[in-house]
Amino acid sequence: MQLSGAQILLECLKREGVSHIFGYPGGAVLPIYDAIFDCKDIKHILVRHEQGAAHMADGFARSTGKVGVCLATSGPGATNLVTGIATAYMDSIPMVAITGQVRTSAIGKDAFQEADITGITMPITKHNRLVKRVEDLPQALAEAFYIARTGRPGPTLVDIPLDVSRNLMEFDVNRDYPQQVNIPSYRPAGPTARVPDVQVRKAAQLIAEAERPVLYVGGGAIASGAQAEVTALAERTNILVTTTLLGKGAIDETHPLSIGMLGMHGTAYANHATNGADLLIAVGARFDDRVTGNVEKFATGARIIHIDIDPAEIGKVIQPDVPIVGDVKAILAELLKIVQPRPATAWNDQILEWKERFPLIYPNDGKLYAEYAIETVNEMFDYQAIMATDVGQHQMWAAQHFKCKRPRQWVTSGGLGTMGYGLPAAIGVQFANPDKRVVCLSGDGSFQMCTQELMTAAVYGLPVITIVINNRSLGMVRQWQEMFYEERYSQVDLQASPDFVKLAEAYGGVGMRATTREELRDALAKAIEVTDRPVVIDCVIPTKENVYPMIPSGQSIKEMMLRQDLEQVKASVHADAEQWSFADEERVLEQYVEAVHSAGSEDASGG
Amino acid sequence: MNKTSALLLYEQGAWHGGFFRVTNTIMSQIQQQHTITVLVENHAGVLARVAGLFARRGYNIDSLAVSVTDRPEISRMTIVVNGDHRVLEQITKQLNKLVEVLKVVDYTETASVERDLALIKVNAEPHHRGELMQIVEIFRGRIIDMSDKTFVIEVTGGTDKLDKIIHLLEPYGIREMVRTGIIAMARGAKTATRSGRDMD
Ligand SMILES: Cc1ncc(C[n+]2csc(CCOP(=O)(O)OP(=O)(O)O)c2C)c(N)n1
């Protein structure tokens, strides 16, 4: 049958199993939207901003492991996708972005709404392609999906000029859509690739020899679906597991062998464990600077086993003793066949002792804090909610306190740290998981970067619950200015925000405000009852709360700041003073920051 | 080890197993010029991808030559880069990640022939022409154009040879010069396009 490029596109998407397209129309994609008009099998979600479409596709992908799909018109539509594509790229999320382009004869002529989107996204896609002939479209799409989901996953982009989606071609998806993709220059390791057994044996040997091993698990373990293997390895060897921001859920975080996140805002015990280890087993992790701080001083006593599907990660930051390239799940399965069981040792006791000595704490003065809100989410949703976050202090508090029982329960922008990600990502998650509850934990700054997507949630009747941790401030930046810029608070006071309760109502959602612990519990209880529209809970917390522990950027475990130390200083100042006042609080912080961290920080990048 | 001694040792920073990493750092600091050959699919935009990768990751290109090969679907880039062992390893791996890159071969440690070609427009006053022709002769170059004031000299060879002749011609006044950049090929029967191992 003669089909247009646009119809062929939809046929191919169907064949790829695409159920949802997040998109926004425009001139260059008119033929595609005309085909969508007739398309029954794929649901098109009309967003309010293309950035939202990209983040929704990303959230859809993170929560399922499937390829997320977004669609935008040429020029401004395509450039609006850029932040979302970059976000997915940094976190290795499988996504296919489809953009319209001006007709082929106009390309390069600065035509209306022309932007060189393949040029623009070259450094933030795994691969991209401008399709110049309708005959090339099926192959281009097949490759885009194949590349996005295989090997180390990532976003790809297919740019389709107006005339290509309009042109007709004889096409039968069963006959003409490539069954298999064969790209000679692209040979990713897959779950069935041969595992380098010599390396695996060496790894088993190192594990057998180690006295103080630690498993350091990242997003690669989630991508390859290796939770069972990670857990089995930990249990067999009694090695404690720390995860990265993206590795959350690679082991049940309520498991006794889980010691939470490591790195800049990781738990003190996870950081002590990694830095005190004599063997670090890095699984699908990339020694990011937020994990290592000063690389020269990171885990100096440890030998390193580095398991990753991307050869370029091996030796990029740290030279491992035993590199193993391949699919994490497959490699761990091999390792499990030969690794010797080991009992829990004094090292386990040591880490657990650190855990007891330096637990994650927040003030127990009965006031409402973000940490409390997050713990209440754990509890009230019975550890079953999927959490999407924005970026800032609230994200780090969530990383510390939200407990994943399983992978893909945690959706956050790690590598790029994209404010505005949370709400649209949560919407994408909700589309993919209609039967699960989705909580978006946001900040009053971040929430205002993609608030418009509340309308999308309302139109489609999605009961996404957004908790806005409202500190009237760009909290994370404020924290850095407080600590490293002598409290010269520059442009971090938001001064005013819309009334989030009324805002939610204006969009057709439910709005509630919580200023106490009880109000928060009530609001959440009410939110759980809402099943057909978005809920926003304005969760008001004190402005001057900081995220602890903190290892300042580019520094090491020696410079780790703990809330425990802060409380101690507080207590001593308190003992001297007749009455506790706000000024004391300031003085305490000053003393504390000076004492613990006189050196300051060389790197001024907040997050 | 009991738990208090483990903690003490840790807190004193006295656990030293960092030997491997230290030696690696020293080894890797030796800067060297590398000639690498990159075989790529002959698609539009591939050069931009490769060049973009170098720019974005902060690798410097000393020279770059691109051409067709004996197989029309494959292009060949010869790139000269400066860097230590680790930088080169990263460059190779990152190049291999580009979907259109088929193969990356580093010729630094292989027996190979390398050639660069230069065209040099040099002042050639009548009373200097004899000397100039001698220099060209010694370097097995050719004079391929001649005017009443200038010669255009063509010379091929390795980087050193070209640098030398350029140095010798400088006193006469070089008006213009262009070099193709190094191209390289392994000695013997081994070929980059058909056999040999992928570098990874
Ligand atoms: C798009 C974007 N712009 C700027 C930043 C820098 N940044 C990191 S955290 C932060 C403050 C976030 O404020 P808010 O959302 O209120 O969260 P809080 O830190 O107060 O919890 C900023 C501005 C960023 N990460 N992303």
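Letters go in sequence order (proteins before strands), and every chain restarts at 1. Hydrogens, waters and symmetry mates play no part in the numbers below; they use all other heavy atoms, side chains included.
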Q. So, does B:Gln90 use its side chain to make a donor-acceptor pair with the main chain of A:Ala312 at under 3.5 Å?
A. yes

Q. Which is it for B:Arg86 and A:Gln319 under the side-chain contact (heavy atoms from CB on, under 4.5 Å) test, yes or no, and what are the steps along the way?
A. CA-CA 9 Å; B:Arg86 273 182 80 170; A:Gln319 203 65 44; 3.8 Å; yes

Q: With sequence neighbours excluded, give me every salt bridge (Lys or Arg N to Asp or Glu O under 4.0 Å) pair touching residues 125-141 of chain B.
A: none

Going by atom type alone, with no hydrogens or angles, which donor-acceptor pairs under 3.5 Å involve a side-chain atom of residues 151-158 of chain B and a protein atom two or more places apart or on another chain?
{"unit_1": "B:Glu154", "atom_1": "OE1", "unit_2": "B:Arg142", "atom_2": "NH2", "d": "3.3"}

Q.
A quick test of your reading: do over 12 heavy atoms of other residues, nucleotides or ligands sit less than 6.0 Å from NZ of B:Lys121?
A. no

Q: Report the distance from atom CD of B:Glu41 to atom OG of A:Ser185, rounding to the nearest 0.5 Å.
A: 4.0 Å

Q) Can you name the residues that form a side-chain hydrogen bond (donor to acceptor under 3.5 Å, both in side chains) with A:Glu209, not counting sequence neighbours? A) A:Gln205

Q.
Ignoring hydrogens, what is the shortest heavy-atom contact between B:Lys97 and A:Asp310? Give both atom names and the distance.
A. NZ-OD2, 2.5 Å

Q) For the atom pair CG (B:Leu98) and CE (A:Met122), what is the distance rounded to the nearest 0.5 Å? A) 9.5 Å

Q. Is the NZ atom of B:Lys164 crowded by more than 12 outside heavy atoms at less than 6.0 Å?
A. no

Q) Is it the backbone or the side chain of A:Arg152 that comes under 4.5 Å from a heavy atom of chain B, or both, or neither? A) side chain

**Q.** Residues of residues 42-57 of chain B near chain A, each having a heavy atom less than 4.5 Å away
**A.** B:Gly45, B:Ala48, B:Arg49, B:Arg56

Q) With side chains defined as the heavy atoms from C-beta onward, is the minimum distance between A:Pro311 and B:Asn96 less than 4.5 Å? A) no

Q: Identify which part of B:Val101 has an atom lying under 4.5 Å from any heavy atom of chain A, answering side chain, backbone, both or neither.
A: backbone

Q) Does B:Lys161 NZ have over 12 foreign heavy atoms under 6.0 Å away? A) yes

Q) Short question: side chain of B:Lys93, backbone of A:Ile314 - any donor-acceptor pair under 3.5 Å? A) yes

Q. Is chain B contacted by the side chain of A:Asn348, its backbone, both, or neither, given a heavy-atom distance below 4.5 Å?
A. neither

